[in-house]
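Okay, structure first, notes after.
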Number of protein chains: 2
Amino acid sequence: MQVNIHIDDVDARILTALSGDSRRSYADVASEVGLSTAAVHERVKKMIERGVIERFSLRVDPDRVGLQFTAFVAIRNDGGAHCRDIAPRLRELPEVLELHSVAGEHDFLAKIRTTHARALEDVLYKIKAIPGVARTTSTVVLNTEFEDRPLRLPGVGEG
Amino acid sequence: MQVNIHIDDVDARILTALSGDSRRSYADVASEVGLSTAAVHERVKKMIERGVIERFSLRVDPDRVGLQFTAFVAIRNDGGAHCRDIAPRLRELPEVLELHSVAGEHDFLAKIRTTHARALEDVLYKIKAIPGVARTTSTVVLNTEFEDRPLRLPGVGEG
DNA sequence: TTTGAAATGTAGGGGGA
DNA sequence: TCCCCCTACATTTCAAA
């Protein structure tokens with residue numbers, strides 16, 4: 001089954017193979033998907049060019065690099081002229097790992113990671129100081145069951 | 001400044017260097033942090049052994065692989081005997097990208113990605129069918145401002 | 001497919017805390 | 001003493017013709 005206009009089934013299988021370990025050799029991936037090394041290399045290159053692959057990255061255990069504390073912070077704006085400027089300001093805070101604009105009661109949902117609870121307080125003060133931010137609602141993470149799982153693409157592994 | 005017991009400053013700088021592009025050669029990283037290629041290699045190997053580096057991965061643009069729809073789903077359990085079994089059941093669903101046990105009004109917060117809104121409905125039915133799940137509250141993502149940013153470790157880049 | 005260039009990964013020796 | 005770094009080299013992988 002064709003997944004979409006950006007990638008075909010073979011691309012999807014290459015992405016799946018690499019997402020678990022992006023340092024696998026192309027020869028290794030090639031034997032898994034049934035292509036030559038050069039063909040895999042060519043497809044990876046094209047997926048990078050098309051923006052399908054954004055970058056090769058590294059999964060670090062946050063607990064072991066001093067980021068033991070996680071919280072989700074919902075942010076509501078005041079409906080004023082500053083609303084458009086909130087996201088860029090939040091991007092400046094390294095503790096804000098991800099930021100989503102959301103529908104519903106709040107306007108943004110931020111995933112935040114710090115060394116400890118006390119440090120979250122500092123970040124919240126900074127967020128509340130951003131013009132246009134009306135209020136924040138924090139949800140403290142007790143335990144992260146899982147995150148950053150290897151990719152599971154729709155339509156792969158069903159044939 | 002020593003970040004913590006797991007890594008020192010040099011490790012932190014290596015992680016920072018690799019997190020933006022994990023395919024950078026060790027020689028390249030070595031010249032940046034002021035070590036030999038072999039020393040960088042050795043440190044990376046040890047960080048893998050100690051679990052600091054969990055894996056080398058790949059950042060894929062979800063919009064281009066058929067995952068255009070994102071939602072956060074808060075899950076409340078019924079306080080019964082099945083509560084311990086909810087997380088493993090949620091792990092079986094590939095659409096659930098991450099799962100956190102949280103304090104507050106709800107018990108779990110799940111980040112879910114599907115092809116479209118209709119597909120989220122299917123996932124929600126599956127979640128509600130899990131024994132112990134009392135109810136779910138979904139927050140639809142309108143736009144992801146940013147996520148999976150390159151690492152910014154506390155105590156790095158301040159010296 | 002082939003082939004040169006480059007990167008990886010291992011071994012052994014040396015120096016500083 | 002112990003830990004870490006460096007040089008050197010064999011092997012593997014890359015990337016273009």
Side-chain angles (χ1 to χ4, degrees), chain A residues 6-67 148 150-151 153 156, chain B residues 1-61 64-65 148 150-151 153-159:
Chain A
H6 296 285
I7 62 170
D8 62 15
D9 275 5
V10 178
D11 285 338
R13 292 176 63 202
I14 291 172
L15 289 179
T16 300
L18 286 175
S19 76
D21 177 9
S22 65
R23 295 203 309 180
R24 285 179 68 178
S25 72
Y26 290 153
D28 194 12
V29 174
S31 71
E32 183 173 316
V33 303
L35 288 180
S36 71
T37 302
V40 171
H41 182 248
E42 189 68 18
R43 279 176 175 266
V44 169
K45 203 171 80 173
K46 284 185 177 166
M47 284 194 279
I48 294 170
E49 286 168 4
R50 282 175 302 183
V52 173
I53 295 174
E54 291 183 0
R55 62 195 179 89
F56 289 82
S57 63
L58 196 61
R59 164 71 188 166
V60 171
D61 184 344
D63 287 347
R64 302 195 195 206
V65 293
L67 294 171
D148 284 337
L151 201 65
L153 290 175
V156 176
Chain B
M1 189 194 77
Q2 187 83 0
V3 172
N4 61 30
I5 60 166
H6 296 286
I7 61 171
D8 63 13
D9 276 4
V10 178
D11 285 338
R13 292 175 63 200
I14 291 172
L15 289 179
T16 300
L18 286 174
S19 75
D21 176 10
S22 65
R23 295 204 307 181
R24 284 180 71 178
S25 71
Y26 290 153
D28 193 13
V29 174
S31 69
E32 185 173 314
V33 303
L35 288 180
S36 72
T37 303
V40 171
H41 182 247
E42 191 65 20
R43 278 174 175 267
V44 169
K45 202 170 82 174
K46 283 186 178 164
M47 284 193 279
I48 294 171
E49 285 167 4
R50 282 176 302 186
V52 174
I53 294 175
E54 292 183 359
R55 63 195 178 88
F56 288 83
S57 64
L58 196 61
R59 164 69 188 171
V60 172
D61 184 344
R64 304 198 193 202
V65 293
D148 284 338
L151 200 65
L153 291 176
V156 176
E158 298 163 11

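Reckoned from all heavy atoms, side chains included, excluding hydrogens, waters and symmetry mates. Just so we're on the same page: letters track the sequence lines, and every chain starts at 1.
- Counting all heavy atoms, side chain and backbone alike, B:Asp11 lies closest to B:His6 at OD2-O, 4.4 Å.
- Within the 4.5 Å cutoff, side-chain heavy atoms of A:Val40 are placed close to those of A:Val33.
- Residues A:Val10 and A:Ile14 form a side-chain contact, since some pair of their non-hydrogen atoms from C-beta on lies under 4.5 Å apart.
- You'll find the side chain of A:Ile7 reaches within 4.5 Å of the side chain of A:Leu15, heavy atoms only.
- Of all heavy-atom pairs spanning B:Pro150 and B:Gly20, the tightest one is CB-CA, 4.2 Å.
- For DNA chain D, the residues of residues 18-29 of chain A within the heavy-atom distance limit of 4.0 Å (strictly under) are A:Ser25, A:Tyr26, sorted by number.
- Side-chain nitrogen and oxygen atoms of B:Lys45 include at least one within less than 4.0 Å of the OP1 or OP2 phosphate oxygen of C:dT10.
- DNA chain C is contacted by both A:Thr37 and B:Thr37; A:Thr37 maps to the nucleotide lying nearer its 5′ end (nearest heavy atom per residue).
- The footprint of chain B on DNA chain D, defined by a heavy-atom cutoff below 4.0 Å, extends from D:dC4 to D:dT7.
- Looking at heavy atoms from C-beta onward, A:Asp148 lies out of side-chain contact with B:Glu54 at the 4.5 angstrom threshold.
- For the pair A:Val44/A:Leu18, a side-chain contact is recorded, criterion being any heavy-atom separation below 4.5 Å from C-beta on.
- Across all strands shown, B:Ala39 has heavy atoms under 4.0 Å from sugar-phosphate atoms exclusively, and none from any base.
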Chi angles and distances behind the side chain to side chain donor-acceptor pair (under 3.5 Å) call for B:Ser57, A:Ser57: CA-CA 5 Å; B:Ser57 64; A:Ser57 63; 3.0 Å; yes
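- In this structure, the side chains of A:Leu35 and A:Glu42 stay at 4.5 Å or more apart for every pair of heavy atoms.
- Inter-residue side-chain proximity for B:Asp61 and A:Arg50 is flagged as unmet; no heavy-atom pair is nearer than 4.5 Å.
- Atom CZ in B:Arg43 sits roughly 18 Å away from atom P in C:dG9 (whole-Å rounding).
- Comparing the start and finish of the helix from C:dT1-D:dA17 to C:dA17-D:dT1, five pairs each, the helix axis swings through 30°, to the nearest 10 degrees.
- One interatomic measurement links the two molecules: NE2 of B:His41 to C1' of C:dA7, which rounds to 10 Å at whole-angstrom precision.
- Nearest heavy atom pair, residue A:Ala17 against residue A:Val29, reads CB-CG1, 4.2 Å.
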